[in-house]
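All ligand and atom numbering here is 1-based and tracks the order in the structure.
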Amino acid sequence: MRATFGGKVGAVLVTAGSAVGLGNIWRFPYVAGEHGGGAFLLLYVACILLMGLPLMISEFSIGTATRKNAVGAFRQLNKRWAGVGYLGVLSSTLILGFYLVVAGWTAEYMIHSFVNDPILHSTDITMHQASFERFITHPWKPLLYAALFSLGTHLIVSLGVKEGIERAAKVMMPLLFLFLIILTVHSILLPGGMEGVRFFLRPDFSKISINSVLAAVGQAFFSLSIGLGTMITYASYFKKNTSIQHTAVEVTVLDTLVAVLSGMMIFPAVFSAGIEPTAGPSLIFITLPSIFSSMPLSAVWSSIFFVLLVVAALTSTISMHESVTAYLHEEWRMSRKAAAWSTTMLTMLIALFSSLSLGAWQWMKICGLSLFDALDYLTANLMLPAGGLFTCIFTGWFMDKALFREQLYPNGVQPSPFYRPLRFLIRYFCPVIVTMIFLDTLGII
Ligand code: PFF
């Protein structure tokens, strides 16, 4: 018997656990900052509604229809499409590789908060910048933290789907939400904070290029954990009576709220402290400590927040790990234990190289980017949109229509008014738009 999640709430929390993570709190603000703030936010929300949600429902339907890992699922439905599953497993492996590095940074900040490191309380922003730089370029510290994070992920995945994954998600998700709200209010009230709110909410379309559209699609897919079969794997563990339409809507809404809240938390603090909103991946690691240092009991706040960030990252690393582990276990017939260890070893190795590419091995560059940045760009901006494109084409045009419908409306239930627009988005809108963006990026149109 295949394992299942405990029920409706369990399914939403575990799936939201995968979706909500560093993508919302670390990646979203820095990508939005690089692409002009408010206009990017609008594009992003449009991508989530018109492409992210339909694609998540598509992936869920493939998972519940087959009850298999991404490769096995595509293979069962149509052998010729197994390649899309392989692309997904490869994307999961590569993303996990660089994601563990950032997750390691959050773990380091958590420990520093616990031991009440005086640097974290400094009100001097250049101190935060310098200490972040020092840490990520340190010869072994970031490697150690990434490795520890990888082992933590391994442990939970080995405990199994229900015991490990579901329990962790159930407690921490609501807490994270509460904390984000409190910090957002505090950040907006900082002197100069309103300027950040304006930057984030007022669209300036002159900042938008086709590159921004690709970045918005990539960020939407990354944030919702779609385009790489993770949601196929997770849906394969849903109970029979879990509604995939409701689960997808709830997860999408939660994930988007967390991203918007993170933006509302980060940008006021960015402007208040005089940091450039285009600072890139270091953005939250410089801004968050500066938010905390302006609060009473700063060590307590920063400890709790970084614990929650670590957990948010953990519920996401678990989902990527699980989708590779499930593939190795079911397709290669490895024991679950051997499959989990192989995934851990491989992704830890990628994490070590990507971490080194920011520090001791800065010479290691691909097309002018560090391995870390190259993996981030390649996966989010190319592999996920490609995976999403093929998945939509598959569910829209090649998957048996009755089988797809049965996943959304089991036991002869009448389709809701939502069904026809959904089919339109999956069959026409998503494939056409993603293809056009690709062709444009490649300079073909
Ligand atoms: N959605 C996660 C986040 O926003 O942090 C990242 C992620 C998890 C991407 C799982 C892909 C994935 F399969």
Side-chain angles (χ1 to χ4, degrees), residues 13-32 44 47-48 52-53 55-56 59-60 63 69-71 84-85 87-106 149 153 156-157 165 168-169 172-173 176 180 216-236 248 251-252 254-263 281 284 308-327 343 347 350 375-388 391:
L13 282 177
V14 173
T15 317
S18 167
V20 175
L22 299 174
N24 307 63
I25 299 168
W26 162 70
R27 200 173 188 281
F28 175 75
Y30 99 70
V31 178
Y44 176 75
C47 289
I48 289 277
L53 186 58
L55 181 53
M56 186 181 286
E59 290 201 12
F60 281 171
N69 66 87
V71 173
V84 185
L87 176 67
V89 172
L90 180 65
S91 307
S92 298
T93 312
L94 296 179
I95 294 183
L96 187 51
F98 78 85
Y99 200 92
L100 282 170
V101 176
V102 188
W105 299 345
T106 61
F149 213 99
T153 307
I156 299 185
V157 172
I165 303 181
M172 301 292 182
M173 290 292 299
L176 177 72
L180 274 177
V217 175
Q219 174 59 27
F221 288 11
F222 187 93
S223 188
L224 292 176
S225 312
I226 50 180
L228 71 172
T230 302
M231 290 306 182
I232 296 180
T233 312
Y234 264 20
S236 74
V251 170
T252 305
L254 264 178
D255 188 73
T256 310
L257 275 179
V258 175
V260 173
L261 270 178
S262 303
I284 71 157
L308 294 171
L309 200 53
V310 163
V311 176
L314 196 56
T315 48
S316 300
T317 53
I318 289 167
S319 67
M320 287 178 259
H321 195 295
E322 174 62 29
S323 79
V324 183
T325 301
Y327 157 70
T343 309
T347 51
I350 302 174
L375 282 179
D376 183 350
Y377 186 86
L378 173 76
T379 51
N381 289 16
L382 301 176
M383 293 174 76
L384 296 191
T391 307

**OP:** Walk me through it: do N24 and V260 pass the test side chain to side chain contact (heavy atoms under 4.5 Å, CB included)?
**Re:** CA-CA 8 Å; N24 307 63; V260 173; over 6 Å; no

Subject >> side-chain hydrogen bond (donor to acceptor under 3.5 Å, both in side chains) between D255 and S223, worked out >> reply: CA-CA 7 Å; D255 188 73; S223 188; 2.6 Å; yes

Original post:
Would V84 and T391 count as a side chain to side chain contact (heavy atoms under 4.5 Å, CB included) if you check the C-alpha gap in whole Å, the side-chain angles of each, and the deciding distance to 0.1 Å?
Top reply: CA-CA 7 Å; V84 185; T391 307; 3.9 Å; yes

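Using the six-membered ring where Trp is involved, F28 and Y44 have ring planes that are tilted, between 30° and 60° apart.
Residue contacts with ligand 1 for S319 involve side-chain atoms from C-beta outward but no N, CA, C or O (heavy atoms, distance under 4.0 Å). Here L228 has side-chain heavy atoms under 4.0 Å from ligand 1, and that is the only part of it that gets that close.
At a 4.0 Å cut-off, not a single heavy atom of S92 sits close enough to ligand 1 to count as contact. Proximity of Y99 to ligand 1 is established by a heavy-atom distance of less than 4.0 Å.
Polar contact with ligand 1: present for A19 (N/O pair, distance under 3.5 Å). For ligand 1, one of its N or O atoms has an N or O atom of L22 under 3.5 Å away.
Numbered from 1 in the order shown, with element, the atoms of ligand 1 that lie under 4.0 Å from a heavy atom of G23 read 3 (C), 4 (O), 5 (O). Applying the 4.0 Å criterion to heavy atoms of T230 picks out, from ligand 1, the atoms 12 (C), 13 (F). Numbered from 1 in the order shown, with element, the atoms of ligand 1 that lie under 4.0 Å from a heavy atom of F222 read 1 (N), 2 (C), 4 (O), 6 (C), 7 (C), 9 (C). Counting atoms of ligand 1 from 1 in the listed order, those under 4.0 Å from a heavy atom of S18 are 1 (N), 2 (C), 8 (C), 10 (C). If you number the atoms of ligand 1 from 1 as listed, the ones under 4.0 Å from a heavy atom of N24 come out as 4 (O).
For the pair S225 (side chain) and S18 (backbone), a donor-acceptor distance under 3.5 Å is present.
No option in T317, V324, I318 other than I318 meets the side-chain contact (heavy atoms from CB on, under 4.5 Å) test with V157. Here the rule is side-chain contact (heavy atoms from CB on, under 4.5 Å) with I95, and of L375, L384, L90 only L384 fits it.
From the protein, the heavy atom lying nearest to atom 8 (C) of ligand 1 is S225 OG, 3.3 Å.
Taking CG of L228 as the start and CE of M383 as the end, the distance is 9.0 Å to the nearest 0.5 Å.
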